[in-house]
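Only one structure is covered here, and it is reproduced in the block below.
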Amino acid sequence: MKLELDRALKSAVQKCFDNGRLKETVLPDYVIEVPNNPDHGHFATNLPMALASSQKRRPIEIAKTIVDHLSDSEGFIERAEIAGPGFINFVVSSGQWYQVLSGIITLRDDYGKSEMATGEEVLVEFVSANPTGPIHLGHGRGAALGDTLCRILSFTGHKVVREFYINDAGLQIRLLGESIYCRWRQFSEPGYPFPENGYQGGYVKSLANEIAEEFDLDSLQQEEAVSRCADWGSEKMLTELKRDLADFRVQFDVWQKESDLYAAGLIEASQEILREKGQSYEKDGALWIKTSLHGDDKDRVIRKGDGQYTYFASDISYHMEKWKRGFSKAINIWGADHHGYVRRVKAALKTNGIDENWLNVLFIQLVKLWKGGEEIKMSKRAGHYVTLKELVEEVGVDAVRFVFLTKSHDSPLDFDIDLVKKHDSDNPVYYVQYAHARICSVFRKAASEGITLPPRTDQISDRLTLDEEMALIRVMAEFPALLEDISRSLEPHRLTYYLTELAALFHKYFNLGSKIPENRIVGEDVTLSQARLSLAEGIRIVLHNGLDLLGIHAPERM
RNA sequence: GCGCCUGUAGCUCAGUUGGAUAGAGCAGCGGACUUCUAAUCCGCAGGUCCCGUGUUCGAAUCGCGGCAGGCGCGCCA
């Protein structure tokens, strides 16, 4: 709808240029937006004000000139008014809005899809937790964000690949092995020393128990036993991690192992390229990459003095590999404590001539858990932390995902367990789900009275005349554009706010009927009831599609 | 010291990328169920948008300078 307005606006301005009423210039940046204040019409543009400086005329005069040249052969615009310092406010005719409603009902599950990025391939890498322990709340937040982002990007026409990077080549897997081995030894020798930075969590003891049942560790040399513990333990944790994520409704297309990059010789290959391009050098027995030439604070080591590659080395290869796979955009979701890392990764990409804007890194800020009015302190080192699985078991997937997606990802999140556990109005998830269930309930009521959706909504939708009804349609009309905005800004939390707003409008509308029976959706007048059922169906579809993109169920009863 | 993020109602946060009178939930107070689901709705109250300054028709939003909080600055991963 905005597009059609824009077209009318542009052609009006062109006419003014042609007949000399306005000085011909390049069009400045301007917006067409939905005003906050309903008195300002359905849409407003600031174009006259944006033109003012180049025209050297008062915005109001320019607005008048443009409005005089607006032609509207299809009866699209009901009114165009000049307001304030030089806005043009548009009121779109009701018929246009009714068409939106019929469109929603026709498209159903496809409503909100768009072609904005047809075929554009995007790689989203998220969670990427080390398989050395259960996934915690920070990972969960990243999972919810990444998964929802992928769902939305797919909806707006992107070809999305969801990827999980497994850091299985570094020291931490070895450390997991040592931790398990030590716990196993401690069964017989309680004083056996625990590795300095070993994993303290209780799950390590469970792993030690299990592996002792499966393998005869006694028969192995210590070195061999530790390595067996490492391999077996990380596989076990990976399996668990996949299951926890699946239970959280998060799926991946690719599980990329760091060790496979080594096995395929990609680390050496990418270093060779850097050397050929003169982007690396040897110093103090180590190999360095010249990231300082590309915006990093200093050069970085990629191969240590002992001949081992750094984590950074494999990450460079990994990102170059992503690039070679042909994605037009890469999105990484990282914990905020890694923010210092992004500059050097981008710098490394630039040494290979890759535009730094190709890589988009979203940072997840900390999740704090509250219960009984007190913060539950978490420490991964000491093994004191609440896992995603535990939280989900306590409050359910729907609630956890919703709360994770109510805040901007770069704002710290306080998760109040008590609030989310409540099965009443305090729980933000139920508010939206309840609107959906309520609509389903209205349909059951209507069916019991023999009233169903009309075959052609457009023939009776002019019976929708209440302000609340038109407001609902206008909000529903914004859904596709919202999803496109989210795809550009990578801010899925805006969807939760949108759905809450739509649900609020519906609840308000529904309650009109408790005061005045004529305002009930299902009433005496069958045609009116059918028109209102169409409206309710449109709302239900948008709520359903929106919740689906959030990975949250839309219940028919509550 | 340098870098990134944050600062908006008592609390937790939105604010459509520079628009018109800054919003929501929770907490507080007062109302609405013989009714399509009260897991809802209506009303009241609540503001130095951290401070200062600049840019312009116009700033919570952009620039600069501060202040406060969080995080990060390894030949760790």
Side-chain angles (χ1 to χ4, degrees), chain A residues 29 31 33-37 39-40 44 46 49-50 52-53 58-59 83-87 89 130 132 167 169-173 175 197 258 283-288 297-298 300-306 308 310-312 314-315 335-343 363 365-366 370 406-408 410-414 416 419 422-431 433-435 437-446 448-449 478 481-482 485-486 488-489 491 493-494 496-498 500-501 503-504 506-515 517 520-523 529 532 536 557-558:
Chain A
D29 285 339
V31 291
E33 60 180 1
V34 179
N36 292 321
N37 187 335
D39 294 341
H40 297 149
N46 62 348
M49 287 179 283
S53 65
R58 293 174 52 218
F87 291 100
N89 295 337
N130 290 340
T132 54
N167 292 128
L171 285 174
Q172 70 279 32
I173 299 288
L175 205 51
N197 291 313
E258 183 185 8
K283 193 183 87 180
D284 304 334
L287 186 66
W288 300 68
D297 300 334
K298 52 186 174 185
R300 305 287 172 174
V301 171
I302 47 181
R303 195 185 63 226
K304 296 184 271 182
D306 64 4
Q308 293 279 315
T310 60
Y311 173 84
F312 188 40
S314 55
D315 234 20
D337 52 346
H338 289 84
H339 66 76
Y341 197 65
V342 67
R343 178 174 292 184
F363 293 105
Q365 296 288 341
L366 217 63
W370 294 74
T406 48
K407 307 282 154 70
S408 159
D410 55 14
S411 160
L413 179 83
D414 286 314
D416 186 336
L419 189 72
K422 284 199 213 168
H423 284 231
D424 64 18
S425 55
D426 293 349
N427 190 324
V429 192
Y430 294 126
Y431 189 78
Q433 290 184 318
Y434 182 50
R438 229 178 186 182
I439 292 170
C440 293
S441 166
V442 170
F443 272 91
R444 287 191 292 271
K445 164 78 178 173
S448 76
E449 299 188 8
E478 289 174 49
L482 173 75
D485 281 351
I486 291 172
R488 272 186 288 269
S489 64
E491 293 173 336
H493 69 281
R494 285 171 51 188
T496 61
Y497 279 86
Y498 171 82
T500 304
E501 184 196 352
F506 171 72
H507 286 311
K508 187 180 289 211
Y509 175 58
F510 181 90
N511 274 280
L512 293 178
S514 63
K515 280 241 164 66
R520 291 166 64 126
I521 296 169
V522 180
S529 299
R532 288 178 173 168
R557 297 171 194 274
M558 286 174 75

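The chains referred to below are lettered A, B, ... by the order of the sequence lines, with proteins before strands, and numbering in each begins at 1.
Remark: C1' of B/A14 and CG of A/Asp485 are 15 Å apart, rounded to the nearest angstrom. For A/Tyr311 and B/G72, the OH to P distance is 16 Å, given to the nearest whole Å. One atom, NZ of A/Lys515, and another, P of B/C42, lie 9 Å apart when rounded to the nearest Å. When rounded to the nearest whole Å, the span between CZ of A/Arg300 and P of B/G74 equals 7 Å. Rounded to a whole Å, the CD atom of A/Glu478 is 13 Å from the P atom of B/U16. Rounded to whole Å, the distance from OH on A/Tyr497 to P on B/U17 is 18 Å. Rounded to an integer number of Å, the gap from A/Lys407 NZ to B/C13 P is 5 Å. Atom OH of A/Tyr434 and atom C1' of B/A39 are 6 Å apart (whole Å).
B/C75 sits 43 Å from B/C13 when the C1' atoms are compared, rounded to a whole Å. Separation of the C1' atoms belonging to B/U6 and B/A14 is 15 Å when rounded to the nearest angstrom. Separation of the P atoms belonging to B/G23 and B/G46 is 15 Å when rounded to the nearest angstrom. Taking atom P in both B/A60 and B/C50, the straight-line distance is 10 Å, to the nearest Å. A gap of 15 Å separates the P atoms of B/A24 and B/G47, to the nearest Å. Across B/A59 and B/G54, the matching C1' atoms stand 11 Å from one another, rounded to whole Å.
For B/C4, the base adopts the anti conformation, since its glycosidic angle falls more than 90 degrees from zero. The glycosidic torsion of B/U17 lies within 90° of 0, placing the base in the syn range.
Using cut-offs of 30° and 60° on the angle between ring planes, the pair A/Phe506 and A/Phe510 is tilted. Under the 30°/60° scheme for interplanar angles, the aromatic rings of A/Tyr341 and A/Tyr311 are found to be tilted.
Nucleic acid contact for A/Ser514: base, since at least one base atom lies under 4.0 Å from a heavy atom of the residue. Residue A/Ala437 is classed as a base contact, given a heavy-atom separation below 4.0 Å to a base. Within the 4.0 angstrom heavy-atom criterion, base atoms lie near A/His338. Among the heavy atoms of the strands lying under 4.0 Å from A/Pro412 are primed sugar atoms or P, OP1, OP2 only; no base atom is included. Here A/Asp315 lies out of heavy-atom contact (under 4.0 Å) with every strand. Residue contacts shown for A/Asp297 are absent, as no nucleic acid heavy atom lies under 4.0 Å away. Base engagement by A/Tyr341 is indicated by at least one non-hydrogen atom pair under 4.0 Å involving a base atom. Nucleic acid contact for A/Gly170: sugar-phosphate only, since backbone atoms but no base atoms lie under 4.0 Å from a heavy atom of the residue. Among the heavy atoms of the strands lying under 4.0 Å from A/Asn37 is at least one base atom, whether or not backbone atoms are also near. Heavy atoms of A/Arg303 sit nowhere under 4.0 angstrom from any nucleic acid atom. A/Ala286 comes within 4.0 angstrom of a nucleotide base, judged by non-hydrogen atoms across all strands. No contact: A/Ala435 has no heavy atom under 4.0 Å from any strand.
A donor and an acceptor atom, one from each side chain of A/Thr132 and A/Gln172, are nowhere located under 3.5 Å apart.
The listed nucleotides are B/C36, B/G19, B/C5; the one nearest the side chain of A/Phe87 is B/G19. Comparing B/C5, B/C36, B/A77 against the side chain of A/Phe510 picks out B/C36 as the nearest. Across B/U37, B/C71, B/C36, the shortest atom-to-atom separation from the side chain of A/Val522 is found for B/C36. The side chain of A/Arg520 has B/C36 as its nearest neighbour among B/A20, B/C36, B/C75. In this structure, the nucleotide among B/C76, B/C41, B/A14 sitting nearest to the side chain of A/Tyr431 is B/C41. In this structure, the nucleotide among B/U37, B/G72, B/A77 sitting nearest to the side chain of A/Asp337 is B/G72. Minimum atom distance to the side chain of A/Arg343 is reached by B/G3, of the listed B/G3, B/A77, B/C36. Comparing B/A77, B/C36, B/C41 against the side chain of A/Ser441 picks out B/C36 as the nearest. Comparing B/A77, B/A20, B/C4 by their closest approach to the side chain of A/Asn36 singles out B/A20. Considering only side-chain atoms of A/Lys508, the nucleotide from B/C36, B/C42, B/C73 that sits closest is B/C42.
The shortest distance between the side-chain N/O atoms of A/Arg532 and the OP1/OP2 oxygens of B/C36 is not below 4.0 Å. For B/A39, neither phosphate oxygen OP1 nor OP2 lies less than 4.0 angstrom from any side-chain nitrogen or oxygen of A/His507. Contact annotation: A/Ser448 does not reach the phosphate of B/C36 (side-chain N/O to OP1 or OP2, under 4.0 Å). Under 4.0 angstrom from either OP1 or OP2 of B/A77 there lies at least one side-chain N or O belonging to A/Lys304.
Pairing of B/C41, defined by two Watson-Crick or G-U wobble distances under 3.5 Å, is identified with B/G31. Using the Watson-Crick or G-U wobble rule with both distances under 3.5 Å, B/U55 pairs with nothing in any strand shown. B/C4: Watson-Crick or G-U partner is B/G70, with both key distances under 3.5 Å. Pair assignment for B/C36 gives none, since no Watson-Crick or G-U wobble pairing has each distance under 3.5 Å. Nucleotide B/U12 is matched to B/A24 when pairs are restricted to Watson-Crick or G-U wobble geometry with both distances under 3.5 angstrom. In this structure, B/C49 makes no Watson-Crick or G-U wobble pair, since no nucleotide meets both defining distances under 3.5 angstrom.
Scanning all heavy atoms of the two residues, the minimum distance from A/Pro85 to A/Met49 falls at CG-SD, 3.7 Å.
Under a cut-off of 6.0 angstrom, the local environment of CG in A/Asp306 is crowded, with over 12 non-hydrogen atoms contributed by other residues, nucleotides or ligands. Heavy-atom contacts from other residues, nucleotides or ligands closer than 6.0 Å to NZ of A/Lys304 number more than 12.
With the nearest nucleotide of RNA chain B identified for both A/Arg488 and A/Asn167, A/Arg488 has the one nearer the 5' end.
Remark: the A/His339 side chain and the B/C71 base include a donor-acceptor N/O pair separated by less than 3.5 Å.
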inquiry  = For a quick check, with a 4.0 angstrom heavy-atom cut-off, what is the B/S/- contact string for nucleotides 54-60 of chain B, read 5' to 3'?
reply    = ---B---

